[in-house]
Amino acid sequence: MRRILRILMVVVGSLLAGGFLSLYGGSQPLPPQAGGETTLWNRTSSAYEQPAPNLDPYWERLHTLGDGTFEAVFVTAPAAVNPGLGPLFNNNSCAGCHIKNGRGFPEKGQRVVRVSQLNPPETWDPPAWGWEAIAPHSTTPPVAGIGTQVQEKAIRGYQPEAKVELVWQEQNGHYADGTPYTLRFPQVSLRSLEGIPLTEVALSLRIPQPVFGAGLLEAISESLLLQVADPEDADGDGISGRPNYVWDAVHQQISMGRFGWKANTPNLLQQTAAAYVNDMGVTNPLFPALDGSQDIDEAILRATTVYVQTLAVPARTLWRDPTVQRGERLFAQAQCAACHLPELRTGIHEIAALQNQVIHPYTDLLLHDMGAELADHRPDFQATGNEWRTPPLWGIGLSQTVLPYSGYLHDGRARTLEEAILWHGGEAESSRQQFREMTSEDRAALILFLRSL
């Protein structure tokens, strides 16, 4: 029954993506396969939740198991099912933050507020358990009593670490043709439970990122990413992407980071384990409690990781539309494609379905200086307070289909794709300016191209 439903979804998705003729023997070419053979023709609200269609039975079974663990809701111990929540947490399930596997809202229960101590003492003793054990290898001094991430919720008998206050402010601007626009940005503050402001703390508001296609990004070789890096801007184009090097808790060594808003995590096993312990308070084999105990075992951690690794990438739509094609050319002319690389190739991976795929993620997984307006002033390993990892753009045209009103950029400040572009600064200042100076027709074409992804 499950396989029949999947076949029906493929057919429906193909029709929605414009693939009617290709399904029925016509000559119309298929659209670019964003995820190579992991691409699925699905442009519905469930587009981010599908297993890659090229999985063999072994990995498909693990994916199905992981689908269940990703949705599992944890409760306070003792309990017969899913005990281990907290005592401090932000949400009680993976799916609670990553709704339908998409981007989220900067709201309590979904947002994450990363913190670090400003002007720390020359020597400081980081917490010893869980994700915080990585702190000695980073440039992020933890805040006393909090660590490096605020847990806004607590189980009965405990108290949250602090109160997060979020106020939105607006600023007005206009395009070169006089068309006005309004941008918003967050003002975040931290208070103790008694309402006392916590000062000398760097705050970085984050929203959940989409998780589909992550296994393909993990399968890109480090050597390929280093080939596209240009830390000294040797070609003089004003764009100087560079990798972040972070602590790999799996292999106990420094490795290239590629996940997270600042590329501060090297692999999906660590990303998943950190989310369990940091966001849900669920200890695990990679990040156990101080006494060595674990709320989940290796099988659950692995299944959840495999689920994220093996999600399908939704196919593009409207790829033959002349306006979309013009928007794609404008995207390249504005140098957007210098960071949002249209094409990469995966290398070796444990999961055969992810290997040797030509993919179109529109990212280089590298750090870029995005200017003062987007800066969080909080270093993270080798990433500075002005730098962010280039987020993938594949599937971005489905963001509002999957979860209406979800935001863009690291803190969700951008309510539209236009706003997201208008916040770009630093290395992307020229691209932003070119967008501002486009005619309304060209701006619409570029946005339609993004919506086709």
Side-chain angles (χ1 to χ4, degrees), residues 62 65-66 68-97 112 114-117 123-138 140-162 218 246-255 257 259-260 264-309 350 380-381:
L62 269 183
L65 179 62
T69 59
F70 193 86
E71 297 280 346
V73 176
F74 285 87
V75 297
T76 306
V81 179
N82 300 334
L85 179 67
L88 305 176
F89 63 100
N90 289 312
N91 212 313
N92 58 4
S93 71
C94 303
C97 287
V112 163
R114 294 283 171 84
V115 296
S116 60
Q117 186 67 51
T123 59
W124 41 274
D125 296 322
W129 78 281
W131 172 252
E132 308 297 354
I134 293 176
H137 306 277
S138 77
T140 310
V143 176
I146 296 178
T148 57
Q149 178 175 315
V150 180
Q151 277 77 34
E152 296 188 66
K153 298 182 180 182
I155 65 173
R156 184 182 297 274
Y158 290 81
Q159 291 185 321
E161 292 175 322
E218 186 176 51
V246 304
W247 181 248
D248 185 334
V250 177
H251 301 102
Q252 294 291 297
Q253 64 183 27
I254 298 295
S255 299
F259 299 107
N264 71 342
T265 308
N267 55 65
L268 289 172
L269 179 63
Q270 181 169 321
Q271 179 86 350
T272 304
Y276 269 119
V277 73
N278 230 23
D279 301 339
M280 293 177 275
V282 175
T283 56
N284 54 75
L286 194 57
F287 300 122
L290 283 175
D291 62 4
S293 62
Q294 305 164 19
D295 295 316
I296 60 172
D297 59 19
E298 180 68 35
I300 292 176
L301 177 59
R302 176 170 168 77
T304 305
T305 303
V306 169
Y307 173 73
V308 173
Q309 289 172 320
E350 175 189 16
D380 200 338
F381 292 99

With no hydrogens and no angle check, is any side-chain donor or acceptor of [X] less than 3.5 Å from a backbone partner on [Y]?
| X | Y | result |
| --- | --- | --- |
| Gln117 | Pro141 | no |
| Gln252 | Ala249 | yes |
| Asp297 | Ile300 | yes |
| Gln151 | Glu161 | no |
| Thr148 | Ser116 | no |
| Gln270 | Trp247 | yes |

If you measure from [atom1] on [X] to [atom2] on [Y], what distance do you get to the nearest 0.5 Å?
| X | Y | atom1 | atom2 | answer |
| --- | --- | --- | --- | --- |
| Met280 | Asp295 | CE | CG | 10.5 Å |
| Phe70 | Thr272 | CZ | OG1 | 8.5 Å |
| Asp380 | Thr140 | CG | OG1 | 4.0 Å |

Could you check whether any side-chain heavy atom of [X] comes within less than 4.5 Å of a side-chain heavy atom of [Y], counting everything from C-beta outward?
| X | Y | answer |
| --- | --- | --- |
| Arg114 | Asn264 | yes |
| Ile155 | Phe89 | yes |
| Val246 | Thr265 | no |

Q. For Phe259, what residues pass the ring-ring contact (aromatic ring centres under 6.0 Å, His included) criterion, not counting sequence neighbours?
A.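 In terms of ring-ring contact (aromatic ring centres under 6.0 Å, His included), with neighbours along the sequence ignored, Phe259 is linked to no residue.
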The criterion is side-chain hydrogen bond (donor to acceptor under 3.5 Å, both in side chains); which residues satisfy it with [X], sequence neighbours excluded?
| X | result |
| --- | --- |
| Asp291 | Ser293 |
| Thr304 | Thr69, Tyr276 |
| Ser255 | Asp248 |
| Glu298 | none |

For [X], which residues count as a side chain to side chain contact (heavy atoms under 4.5 Å, CB included) partner, sequence neighbours excluded?
| X | answer |
| --- | --- |
| Asp279 | Asn90, Val112, Gln149, Ala275 |
| Leu65 | Leu62, Ala303 |
| Ala144 | none |

Show me the side-chain donor-acceptor pairs of residues 72-88 shorter than 3.5 Å, one per line, residues at least two apart or across chains.
residue: Asn82; atom: ND2; partner: Val73; partner atom: O; Å: 3.3

Q. Who pairs with Glu350 by salt bridge (charged side-chain N to carboxylate O under 4.0 Å, His left out), at least two apart in sequence or on another chain?
A.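 With neighbours one apart ignored, the set is Arg302.
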Q) Any idea which heavy atoms bring Val282 and Asn284 closest together, and the distance? A)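 Taking every non-hydrogen atom into account, O-ND2, 3.3 Å.
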